[in-house]
Amino acid sequence: MSNMSDEESRDKLLKTVKKEVKQIMEEAVTRKFVHEESGSIISLCAAVDACLSQGLKRRAVGLFKGNNYTFSLLKQLSKNYAPAQEVLQKVHEIELRLEANKKHSNGESPSNHTPQQNIRTALQQRHLWIRVALFEKYLAKICENVSQTGSKYYDKDCLMADPVDGPILASLLVGPCALDYSKMKTADHYWTDPPADELVQRHRIHSAGPGVTSGNNSPRRPGLQVKKTATGTTPEEHCRTPVSARDYVESLHQNSRSTLLYGKNNVLVQPKEDIALIPGYLSLHQTALHLTIKWTPNQLMNGGGAEETETEGEKRRSDSIITRLKNGRRKPIYWDYAVMVNVEDIVYLHCHQQPDSGGTLVLVGQDGVQYPPIHFPKGGHLLAFLTCLENGLLPRGQLDPPLWSQRGKGKVLPKLRRKSSKSSGLGMAASQDGTQIFEGDEATDYVFRIITSFRPEFIPEEASILPVRNGGSRHHTAFPWSARDIGPRHALIRQQEVVHSPTGSSPSPVPLPPAIPYSPVSPTSAELAAITSRWDQYQGSSIRILCDTMRRQIISRAFYGWLAHCRHLRTVRTHLSGLVHPVIISNELTEKASSGLTCEKWAELCTMEEDIDEGEVMRLIYFGGMDHEIRREVWPYLLGHYKFNSTEEELSGVDEGVRLNYEQILAEWMAVEAIIRQRDKDNQQAKLSSENSSEGQIPLTGHDPSLDSEVFEIDDDNDEYVESGEVIQEVDQADLTKEQQDFVQKEDYVVLSRCRSPRQDTLETETGRSLGSEVSGDVPCEVSGDVPCEVITGGKMSPPGSDEGFGDASSITDSTSRHSSRLASSSYSYDSREVIHEGQNGDICSDAEDIDVLKKSHINEADEEGSGPEVIARNGDGKAITVELVNGKSHDDAEEDEKAGEEGKEDEEEEDEDGEGTVSSSRSSADPVLGMKGLNIPDSSCHLMADMATASPASSNGGVYSNELLDSFSLNLHRIDKDVQRCDRNYHYFTSTNLEKLRNIMCTYVWEHLEVGYVQGMCDLVAPLLVILDDEAKSYSCFCELMKRMSKNFPHGGAMDTHFANMRSLIQILDCEMFELMHQNGDYTHFYFCYRWFLLDFKRELVYDDTFAVWETIWAAKHCASGQMVLFIALALVEYYRDIILDNNMDFTDIIKFFNEMAEHHDAKAVLKIARELVHRVQSLIENQ
Amino acid sequence: MAKTYDFLFKLLLIGDSGVGKTCVLFRFSEDAFNSTFISTIGIDFKIRTIELDGKKIKLQIWDTAGQERFRTITTAYYRGAMGIMLVYDITNQKSFDNIRNWIRNIEEHASADVEKMILGNKCDMDDRRAVSKEKGEQLAIEYGIKFMETSAKASINVEEAFVTLARDIKSKMDRKMDATGQQKSGGVKVTEKESQKKSGWKFCTLL
């Protein structure tokens, strides 16, 4: 036994490894590389680890720390095996590095490291040595080594010790080892569309969880665009500084988010006073909003490997670092030295140039703090940096004084007169070869000022001309650009506000300087002079002007905000006020009600003397829910089945009445069902009896209540397809004998005639095949003298059935008269009439000579008529003929039949009309008997007859059921059956008995509403009612009440569009951001992901218990909060996952997928709570106009 | 979402209710079968990525409610669909008969060059078969569409069906992009040609 399980476990382990290897290789092939952080690597490492750990003798390996036995194994191996040793070394290094990073990043902003990344790193570290071995391509060799020499570490029967499996593992790993693993992290690295659960999980990790409103649900002004990254999977990246070394280093390169303007290696910085100069990489980055100077020590650039040659000081530094690490003390590391400065924060650039070095740059911030000096190497690099900086500052800012361009030399440092009088020749020019020439061997220092503020010169001309008026509300017109263009100007305005503080004085009409269009071109000297002079002139007034401008902008912004708010409110008032009750429930009442309707409370209420306050009950349920035990009692009140404060007698009276009613209807439709079944049976028999082969068996299988009365129902949907249950075919065979069945089968589309005499049941086809069979006595034809001959189609063709004589021909043209007569005379339509289906076109003609099956339109006509048993066919000329194969006499004789049939045909072609009524009347005379007695049918044919026996007596009162009614009902029965079989089979309540109850309720309802019929989804609505109430009649009554509201949601009702429109408005009002997302992502407006929600009141989205809670909230809400609670719950669902939706930039398809996957995973309580809050919010909005 | 595929094909599953569309889809996307499935309400879709000719093809397969009442929402998806699977139940004659209607529906609402395929599902229930394989093939030939008998329960032909449909879509796409044309008649790819040729030409004579 243990051997088996060993083998099994070995197999299992190997299988896992195989699977992982396969996955990696697939990934490598399809994606051309495998990223180091790929999840499949993690799983592969885990699998390999599992293999290596199996049966590992702990003591032999040495008790090392933790459970990391395989690591200990590695250590053992490393003693003798070189690759293992290398791996070990590498692991050490990495561990050091990781520890260092971790400590450093803990010092920085801990929240920056997303927990998701944390998990990944943790997982990576767990099998660190395996990972490393994999990347170093040693893993396969190590495994081989283990299996060859490492048997002393293993139990006998485990994988690695096995002479076969061990090498297998090793060879499996050769593949992954051969791959190159990329460190490259590209933006579209995240490969799968994560399933909904994972999205929720991720979100839960890096925030408090879904459903925690981030507080920005307040209506935001539309127009404030929050920039989202294109991929959106890690949206936090763009606003957080990357922490891991690799990320940081990557951010230094050119990437999609920032442009690299300048980069220079070997730029020395002395980060702290006691530390020597450290070489590093200086870079200038421009993003959309910022210009950033970064300096990174070389050690970090290389990923911490310290592979660069270090100065002595460095070496000492790194040694001491290691020593200090070993002592476990904290110490600063290169991260601290890295410099990252926003150019906005800098005011001055001090440039010092020394004869021996390339120049030093000191950045001075706005607060006066100086950054560590940056030493450029020789060769004009300082100048280059300044050039790039100046370029980067444009157009919003510039250096002051700007760099001069010199012909032939490009940009040079400006030759300015120095205040301290030195010889004017003291300037610096960059020479051709880039060395600097110092005149007089003196260095020159420069101070550049960075100007980024908004300058009055840049007001566009038109704005400056417009008169400046007092009064706030006009100003927005004076500056249309400022009002319109909130986005891009925002930055400027912000800077302006930062630099200058508003003085609040009223704007005085100071003439603005004429607008000078800003140009990045170096100004000519004349313009320079002009600018500078004007600048002097307006320096004094510029501040005031700035303040004015700012004021106007603030006012205009406020105005537009108010305007938008008003518009919102108008929308709210027009569209949404109908959605909520105007009366807001006071806080006090809310508090009282939040405990919910408990059993005790309900009991208390019931036994009270005074009347129950319906409102109170509703509030209790709405705010606090209901206990499960009392649901059975309370739901009928909620649904309107009972009225509150009724007496016992009244209640039982209601129940009694309902039950009686129910049973009556039940009986009615059951009778009809019986008739339908009988009809089906007859058809089957007819079909069967036309079989050729005479085996004389009569296997009458149980049949289906459905007739193949596939109808193209003529209702509003004109393309109504045939709904057929699976068992239809059985029906066809049901009461035909086997040979009859076979016979029928062979004739696909041929008109048959069936003639039943008391003794014989003959089926024959048009082509002359016939099958006669003895029938023993229980053919129901004995009743009357008539021998009904039915024309039955095998396969698909419509069966005519007809009786004696040729009387039954009917033409299409005369459908109406036929109709009326038929109706009049037909009672239980035993016309074995099968409707021709639309679907039969040309291809069936093979057998039927000259007969095409009717096209739909004609059939529809015919159907409507309740046409009797006949076949209406069309020959190739398109002329309508009725083929009738009729005769009333006994037909044992095939030929005779055929002749008769042909005669019939000929007759048809001649006559257009037929004798009316005979068919049905004869049929009907036969039928009622059948209907009544219905029990003459042989038992084996119909086990269902037993059911009918109970019902049919009642049916004897019965009315007249037209064919079309029967067909329609039978069609609905199909649909119901199909759905009932599939309804919530996994739920414990639905045993077959209870399913039967469900079916009964459904059929009863459909019988009463036959014009609408059964639509998929109705069963889902009945099911919870039945589960709670457990009483057919009561459930039926409650369902009827429920459907008063719900039926509009079904496709024939048209309420769905209203719901979608309301959803749209609600989202627009309550959540601008979401609305924008939906808008921008395309055609969301139909909100189809809500379809199922509204149709079934969320029943499919929730588990049963939650469904109960939600339903009662909806019902209670109608009385106290909102008649459209479904909308708010729907909105609450969207809001609950709002962050996930927004973060992942979901489009319509994604949302559908998300919510379908989240079905039955929702937190119903939380969602309901949000829904209530939303109702409250809308109520407040309306109130606070 | 991030692009990790080369092509995205939208497929649609239509057919009468109860023929097994959801099961076929489930079999294809999850390789599983559940006999207690609930009826599809509204619309749903599943995704599976396959590889064809070295390209990653993401198949987004939409599953519709069979009852015609839901047609208003389902037909909205016809237009975007590049491939449509018409499913019928071999034990149910009517569902087979209705295929023609579904095809007409496609003509009305879907794009003209949509790829189609007919599936006769539940082929594991041979004892209750009502539609012979020949009939199915006949119908398919008539419309110039491919045909397969499948069983979601026994996992017969499901994968093949979808892969074939995807392949057809892809080759059609390749051909379209292939400017230096392949001629329609006597073209190089004989096998696929025939099926493409006939599609779309047959229906003008109907009502």
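Letters A, B, ... are given to chains in the order of the sequence lines, protein chains preceding strands, and every chain is numbered from 1.
Heavy-atom minimum distance, B/Gly66 versus A/Gln1016: N-OE1, 4.0 Å. Residues A/Asn1156 and B/Phe45 share a closest heavy-atom pair of ND2-N, 4.3 Å. Considering all non-hydrogen atoms of both residues, B/Ser17 and A/Arg982 come closest at CB-NH2, 4.3 Å.
Contact annotation: the side chain of A/Arg985 never approaches that of B/Ile38 to less than 4.5 Å [non-hydrogen atoms, C-beta and beyond].
Defined by atom type and a distance below 3.5 Å, a donor-acceptor pair is missing between the side-chain atoms of B/Ser39 and A/Lys978.
Looking at B/Ser132, neither its backbone nor its side chain comes within 4.5 Å of chain A, counting heavy atoms on both sides.
The distance from the CZ atom of A/Arg1100 to the OG1 atom of B/Thr40 is 7.5 Å, given to the nearest 0.5 Å. Between atom CD1 of residue A/Ile1152 and atom CD of residue B/Gln60 there is a gap of 9.0 Å, rounded to the nearest 0.5 Å.
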- Message: Test side-chain contact (heavy atoms from CB on, under 4.5 Å) on B/Asp44 and A/Phe1155; report intermediate values, then the result.
- Response: CA-CA 10 Å; B/Asp44 188 8; A/Phe1155 277 114; over 6 Å; no
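Within a 6.0 Å sphere centred on NZ of B/Lys153, other residues, nucleotides and ligands contribute 12 heavy atoms or fewer.
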